Visitor: 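First the structure, then my questions, so here it is.
The shown structure was predicted, so the numbers you read here are calculated from the model rather than taken from an experiment.
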Amino acid sequence: MPRALLLVLLVGCATGQSTSPPASPRVAETPAPVAEPAFPPGVEPMAMDPLVAPCDDFYRYACGGWLRDTPIPPDRSRWGRGFNVIEERNQQILKEILEATAAGRPPEGTPYAKELGDFYATCMDEAKLEDAPSELRVALRRIDRLKGPRQLAAEVASLHQDGVNALFEYGPTQDYRDATRVIGMVDQAGIGLPDREYYLSDAPKMKETREGYRAHVAEMFQLLGDAASVAGRKSAEVMDVETRLARASLDRVSRRDPRQRWHPGDRSSLAREVPAFDWATYFRLAQTPDLADLNVGHPPFVAEVGALVKGTPRRPLQTYLAWRLVSAQVIALPRRFADAEFAFQSRYLTGAKEDLPRWKKCVRATDQLLGEALGVPFVERTFGADGKARTKSMVAAIENAFLRNLDSLTWMDGATREKAQEKARAMVDKIGYPDRWKTYDGLVTDRGTFLGNWMRAMAYDSARELRKIGKPVDRALWSMTPPTVNARYSGTLNDMLFPAGILQPPFFNKQATDPVNFGAMGMVVGHELTHGFDDQGRKFDARGNLTDWWTPAAGEAFVERADCVKRQFDGYTVLDELHLNGALTLGENVADLGGLKLAYRAMEAYAQEHPDRRPPVGRFTLEQQFFLGTAQMWCTNARPEELRRRVATDPHAPPEYRVNGPLSNLPQFQQAFGCKASDKMVAKNRCEVW
């Protein structure tokens, strides 16, 4: 842990009386004014709105000033004091690294500097993007010449190799029955709108978005040179194929359940059930000719793929595949394609007023495909080994709090508690950056066109993923790059991952008090740990196998408590008529509630173990500092279009409800701010899971 700066309680001194009698009467002096207690380091006073009562709306109390005074940048659909501010800072650092590397001056120790420099330099060379359509037309002509099932399967394999989301998804997954090995997985994919409901819902906004998407697809084909009538026909063909795929897809809430996505089989069973698609050709060209076991995420979807291949005329399928190819390469195409893509996204999905500047797109693309090469100089500049050590101590404190908390749960029986303790102790922490970095040996880059570098890097990454199939699980690999501003828990790996990108202010601030850091980053750690025991994470055991380790009584007690959280969030309304989906957001809401409780307990224990670090109480008590640290990392403004999209697709609730929702269930919060039972921040039906 970083040593927190001590608060200074500023108190003015009144003038005292002399001990000897005065020579003559005099007028008493006015006492000097007493200074206001200081704001604790890490709490931002200008972000707050003191006119809002904390027990009425804590989110507005902690963030109201920031929400009022902070406009959303024109190139963003939302802007938050936590994630977005850190991301912007990280992108500036990455930009400086990449500009220097592209100019031949990489930071000392940067691996794969040539590849990084080539990739970023060609991405930034917008003049050369004009050459991309002619390169792309080579692939489009190949699609136009498709004949028969074998050529179709070969083309789908080629598109998947280039990172194109077409017809279905194929890649590695851990065997849910044996988490030590990797098998293949065929899963639903292949649509261009954010979710199946965008194709199927009768809600006016969804219908409007569908029509906007139809027009957008037609415009993109026109940019490729098609006449308006031809582009309109192609757009209709794309919508027909994608709607069929959407209709056959499992809904987003059901997909949260790993048992709904687990249908093990093998190549022969897949070939028998979906004979219209040439799986043998596909798996051979996907570099897994000896594939044995695999999982089919949603069998009705794969059956619909077979029906499409068998019953759809060749031309609509060719049009669909061409569209999926073009839409995946927009970043490498001339600006007119990006402008058309942004116009659609802005109007119907994000509300952003300006497109991202080119350099931000290129930084993101480089991080996406060469992220662990780029991560080396980023970590050296921002985090280092000392940051890793400090974060480990906080994670250990949260994990200890979870184990202590298990002993206090009256609804959990001894047998289930023992299994939960085993799982918690087996959990692996990945902090800051990998112990073993990925290599990029054999990746070919040059200073030609970005489309060439982009597609070769996509193919390189796809091949790396496919090589995992049939091999033991490598638990040391990371699923996020070090500059990423995020964190995650994996049920199949039973590990938590905290990249260096998120371990920065305001989530983790060297200058903040310990309570503020526990409220911010501590809550994130507690959140990820609780994911191992949320409504879906609890279905995996300590080794990552999908198995029921709960007694019936404990399982029923958990479901009852989780259902309380679902009902609470079902009751929240966003944008007038739009309700939150308590089932979609349940795992994140359970993790938020559990994470806050764990972080608070860890803070209390840490303060008792380190009395020398306990800062003086200033304007806020230590308990109040904790909750302000939590709330202020979530201060966020969002555009209506973005809110609608997220409510439909995001398993996380909007920030306002991630603050007020769990805090209204916590007696510790209510005690810290003296809330009464009648106050809005006191839940009438209090929920508690962990």
Side-chain angles (χ1 to χ4, degrees), residues 52-62 253 256-257 401-402 405-406 408-413 416-417 420 519 523 526-527 529-531 533-538 550 552-601 623-624 626-627 630-631 634 647 650-690:
V52 177
C55 296
D56 185 45
D57 184 339
F58 192 70
Y59 180 71
R60 290 291 187 283
Y61 171 73
V253 171
R256 293 192 61 248
D257 185 349
F402 181 82
N405 184 61
L406 280 176
S408 69
L409 298 178
T410 58
W411 57 268
M412 178 176 277
D413 55 59
T416 308
R417 180 179 292 108
M523 181 271 181
H527 170 100
L529 193 157
T530 305
H531 267 316
F533 304 88
D534 68 16
D535 64 310
Q536 304 307 326
R538 76 182 190 91
W550 295 65
E556 290 175 8
F558 176 92
V559 170
E560 179 183 346
R561 282 158 174 75
D563 193 56
C564 176
V565 178
K566 175 190 175 299
R567 291 193 304 270
Q568 177 186 4
F569 280 81
D570 276 337
Y572 292 130
T573 305
V574 182
L575 295 177
D576 301 324
E577 82 290 353
L578 190 63
H579 276 261
L580 291 185
N581 187 334
L584 177 61
T585 59
L586 181 57
E588 300 298 334
N589 297 332
V590 168
D592 281 345
L593 181 56
L596 279 166
K597 183 178 176 180
L598 294 179
Y600 189 88
R601 289 197 169 189
E623 294 76 15
Q624 290 172 339
F626 173 90
F627 292 113
T630 290
W634 292 114
V647 169
D650 195 343
H652 304 84
E656 173 181 355
Y657 306 100
R658 296 191 71 175
V659 174
N660 287 352
L663 290 188
S664 67
N665 290 310
L666 288 180
Q668 298 93 330
F669 167 77
Q670 292 141 25
Q671 294 165 7
F673 287 92
C675 302
K676 304 186 295 293
S678 59
D679 288 332
K680 294 179 181 178
M681 285 297 302
V682 180
K684 302 303 178 280
N685 297 300
R686 190 169 76 84
C687 301
E688 183 177 33
V689 184
W690 292 103

Visitor: For D534 and V590, indicate whether the former's side chain and the latter's backbone hold a donor-acceptor pair under 3.5 Å.
Guide: no
Visitor: By salt bridge (Lys or Arg N to Asp or Glu O under 4.0 Å), which residues pair with R567, not counting sequence neighbours?
Guide: D563
Visitor: Does a side-chain heavy-atom distance below 4.5 Å link V647 with N581?
Guide: no
Visitor: Just checking W634 against Y59, ring centres under 6.0 Å apart?
Guide: no
Visitor: Which donor-acceptor pairs under 3.5 Å do the side chains of residues 672-682 make with protein atoms, sequence neighbours left out?
Guide:
unit_1, atom_1, unit_2, atom_2, d
D679, OD2, K676, N, 2.7

Visitor: Taking the six-membered ring for Trp and the single ring otherwise, decide whether the centroids of F626 and Y600 are under 6.0 Å apart.
Guide: yes
Visitor: Do P662 and T630 touch side chain to side chain, with heavy atoms closer than 4.5 Å?
Guide: no
Visitor: Is any side-chain heavy atom of V574 less than 4.5 Å from a side-chain heavy atom of E656?
Guide: no
Visitor: Can you find a side-chain donor-acceptor pair between N589 and T585 that sits under 3.5 Å?
Guide: yes
Visitor: According to side chain to side chain contact (heavy atoms under 4.5 Å, CB included), who are the partners of A591, at least two apart in sequence or on a separate chain?
Guide: H527, T530, H531
Visitor: Using a 4.5 Å cut-off on heavy atoms from C-beta on, say whether the side chain of H579 contacts that of Y572.
Guide: no
Visitor: Write down the atom of V659, the atom of A631, and the distance for their closest heavy-atom approach.
Guide: CG1-CB, 3.9 Å
Visitor: Would you mind reporting whether F627 and L666 have side-chain heavy atoms less than 4.5 Å apart?
Guide: yes
Visitor: Looking at D570 and K566, is any side-chain nitrogen of the basic one under 4.0 Å from a carboxylate oxygen of the acidic one?
Guide: yes
Visitor: Using atom types as modelled and distance alone, determine if a side-chain donor or acceptor of T416 lies under 3.5 Å from a backbone N or O of D413.
Guide: no
Visitor: What class does the angle between the rings of F558 and W411 fall in, given that below 30° is parallel, 30 to 60° is tilted and above 60° is perpendicular?
Guide: tilted
Visitor: Find out whether C564 and Q568 are in side-chain contact, i.e. whether some heavy atom of one side chain is under 4.5 Å from a heavy atom of the other.
Guide: no
Visitor: What I'd like to find out is whether the side chain of W690 reaches to under 4.5 Å of the side chain of F402, using heavy atoms alone.
Guide: yes
Visitor: Under 4.5 Å between any side-chain heavy atoms of N665 and L593, yes or no?
Guide: yes
